[in-house]
Amino acid sequence: MKKIVIAPDSFKGNLTSLEVAVSIEKGIRRVLPNVTCVKIPMADGGEGTVQSLIDAAGGKLVRKRVKGPAGKIVTACYGWLPGKKTAVIEMAEASGLPLVDGHTKNPLKTTTYGTGQLILDALDRGAEKIILGIGGSATNDGGVGMAQALGVRFMNARGRGIKESGSGGMLAKIQTIDATGLDARVSKVKILVACDVKNPLHGKQGAAHVFGPQKGATPKMVAVLDANLKHLGRLIKRDLKKDVARMPGAGAAGGLGAGLVAFAGATLKSGVDIVLRTTELEKYVKGADLVITGEGKVDFQTAFGKTPSGVARAAKKHRVPVVAIGGALSDDAHNVFAHGIDGIASAAAKDMTLDEALRDSRPHLENVAERVIRMILIGKKMAEKKHRMKARSGPRKSR
């Protein structure tokens, strides 16, 4: 083998994508010291996407003081990729569940205003593209708070602008949407939203019913939030001429999916597809002998929208075999073989506690990478032996 591409996701709560890739490379070089290893840190648009793309594209972390979901000022971070003039934002940094506690965990009151402030800061830096991950929200405001930060005004029944920050409970007060004050730069930037859920804005499968309870909503609150999002959807259709209510993904992040499309002209896409395009993975896969990917746990769900499945899809276009390494393997992990992944391996070589696995994760990854390469080389030797034996026997003579 001459070239191996290493493109794993992070091992959540343990190692970044780059740290995983570095450990895998060390194990490979125990067997193939002179092989070319190309490390491409990956993600699926969720937690860890910012760090992965910073590592992959040579970016930096930007810190910004913004309004948190409960109104308190917080320090949020996002990624800036200067070579691509691209900002990578995780909305949870400004409007996520970890930023609220038992007293402030209330989707009737939480807002996405801080997420809008991060978008504005990216525009101030000259962003031509913004990648926005919208998982882990504490909000249910349909993106109204975010829109306010970008200059959209929401009017009450008296025709006056509503001064309070957008929230799930505030939506009922809106009677008219005035987008004339929207920052003009928003229409010139390409906003890609990493969104892998298909929930509509409202209804039994909508934002409030499906995601509201985990944000602190009681059954009574869920009913109010759902009605308010339905009301917002009607206003968006009437005033902005955009029908987003039933759009797949509209209900993501408490309706922020709908709000980003309606107010900012964003496009919702698969998170892993956005990362694949941003890292230009296919360019590196072309001509490789092997691709190694992975994530914290490989199971049947790995085949659906997760990083290894996206990496395998890119590799198959160039007929490059793929091995997925997991911190652990589930009993149903073998089902990924039908989805482009040729082999799987566990970093854990024996039964161990989670604490043991996390503590020694780097040497475990080095060891499993070595085992993978040695097994591949055994297969290669067997194939070569079979070819030699066939060549010696020659064509059979007919009688």
Side-chain angles (χ1 to χ4, degrees), residues 66-69 71 76 89-97 107-120 122-123 130-155 162 164-174 176-179 181-183 186-187 189 191-195 197 199-202 206-208 210-212 215 225-226 228-269:
V66 299
K67 181 182 288 189
I89 298 171
E90 291 178 15
M91 74 84 67
E93 279 285 315
S95 314
L97 267 176
L108 285 171
K109 297 181 178 180
T110 48
T111 182
T112 56
Y113 193 92
T115 297
Q117 290 177 297
L118 292 183
I119 293 173
L120 280 180
L123 294 175
I130 295 174
I131 296 170
L132 190 57
I134 58 174
S137 74
T139 56
N140 207 94
D141 70 353
V144 165
M146 174 273 303
Q148 287 175 320
L150 298 179
V152 178
R153 297 179 71 210
F154 297 89
M155 322 301 286
I162 300 173
E164 67 181 280
S165 296
S167 63
M170 167 268 201
L171 301 181
K173 300 178 182 179
I174 303 172
T176 308
I177 300 172
D178 177 9
L182 178 68
D183 192 308
V186 173
S187 64
V189 68
I191 301 178
L192 298 177
V193 181
C195 179
V197 303
N199 304 74
L201 184 61
H202 60 82
V210 176
F211 306 114
K215 302 173 186 182
L225 292 167
D226 187 63
N228 288 356
L229 287 174
K230 186 175 182 179
H231 171 65
L232 177 64
R234 288 172 180 157
L235 293 177
I236 289 172
K237 185 176 181 179
R238 185 194 71 192
D239 295 348
L240 304 182
K241 312 304 180 190
K242 295 181 180 180
D243 191 359
V244 297
R246 309 310 302 173
M247 177 184 70
L256 181 59
L260 283 162
V261 172
F263 304 121
T267 302
L268 307 185
K269 294 181 70 69

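Treat the numbers as computed from the prediction; the structure is a model and nothing was measured. These values consider heavy atoms only, across backbone and side chains, with no hydrogens, waters or symmetry-generated copies. Starting from 1, each residue takes its place in the sequence as its number.
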Report task. Determine, stepwise, if the pair Met146 / Leu256 fulfils side-chain contact (heavy atoms from CB on, under 4.5 Å). Result -> CA-CA 8 Å; Met146 174 273 303; Leu256 181 59; 4.0 Å; yes
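Contacts of Lys237 classified as salt bridge (Lys or Arg N to Asp or Glu O under 4.0 Å), with partners at least two apart in sequence or in another chain: Asp243. Partners of Ala94 under the side-chain contact (heavy atoms from CB on, under 4.5 Å) rule, at least two apart in sequence or in another chain, are Val66, Ala76, Thr115, Leu118. Scanning for salt bridge (Lys or Arg N to Asp or Glu O under 4.0 Å) contacts around Lys230 gives an empty result, with sequence neighbours left out. For Phe263, the ring pair (Phe, Tyr, Trp, His ring centres under 6.0 Å) partners at least two apart in sequence or on another chain are Phe154. With sequence neighbours excluded, no residue forms a salt bridge (Lys or Arg N to Asp or Glu O under 4.0 Å) with Asp239. Lys269 pairs by the side-chain contact (heavy atoms from CB on, under 4.5 Å) definition with Leu192, Thr267, Ile274, not counting sequence neighbours. Residues meeting the side-chain contact (heavy atoms from CB on, under 4.5 Å) test with Ala266, sequence neighbours left out: Ile191, Val193, Leu260. Residues meeting the side-chain contact (heavy atoms from CB on, under 4.5 Å) test with Val186, sequence neighbours left out: Leu123, Leu150, Leu182, Asp183, Ala264. Taking the side chain to side chain donor-acceptor pair (under 3.5 Å) definition, one finds that Lys67 meets it with Ser165, sequence neighbours left out. With sequence neighbours excluded, no residue forms a side chain to side chain donor-acceptor pair (under 3.5 Å) with Ser167.
In this structure, CD1 on Ile131 lies 11.0 Å from CD on Glu90, to the nearest 0.5 angstrom. One finds the CD1 atom of Ile174 at 9.0 Å from the CG atom of Asn228 (value rounded to the nearest 0.5 Å). For the atom pair SG of Cys195 and CE of Met247, the computed distance is 8.0 Å after rounding to the nearest 0.5 Å.
For the pair Leu268 and Pro248, the tightest heavy-atom approach, listed with the atom from each and the gap, is CD1-O, 3.7 Å. In this structure, Gly255 and Ala207 approach most closely via the heavy-atom pair N-CB, 3.8 Å. The minimum heavy-atom distance between Ala179 and Leu240, with the atom names listed, is CB-CD2, 4.0 Å. Across all non-hydrogen atoms, the minimal contact from Ala208 to Leu225 is CB-CB, 3.7 Å. The heavy-atom pair separating Thr111 from Gly68 by the smallest distance is CG2-O, 3.8 Å. Between Leu171 and His231, the shortest heavy-atom contact is O-CD2, 3.3 Å.
Leu235 is not listed as a side-chain neighbour of Thr176, based on a closest heavy-atom distance of 4.5 Å or more. With a 4.5 Å cut-off on side-chain heavy atoms, Leu201 and Arg246 do not count as touching. Thr139 is listed as a side-chain neighbour of Met91, based on a closest heavy-atom distance under 4.5 Å. Residues Met155 and Ile162 are not in side-chain contact: their nearest non-hydrogen atoms beyond the backbone lie 4.5 Å or more apart.
For the residue pair Lys215 / Ser137, a side-chain donor-acceptor distance below 3.5 Å is found, with atom types taken as modelled.
Judged by distance alone, with hydrogens and angles left aside, the side-chain atoms of Asn140 form no donor-acceptor pair with the main-chain N or O of Pro107 at under 3.5 Å.
For residues 141-153, every residue pair satisfying the side chain to side chain donor-acceptor pair (under 3.5 Å) rule, not counting sequence neighbours, is listed here: Thr112-Asp141.
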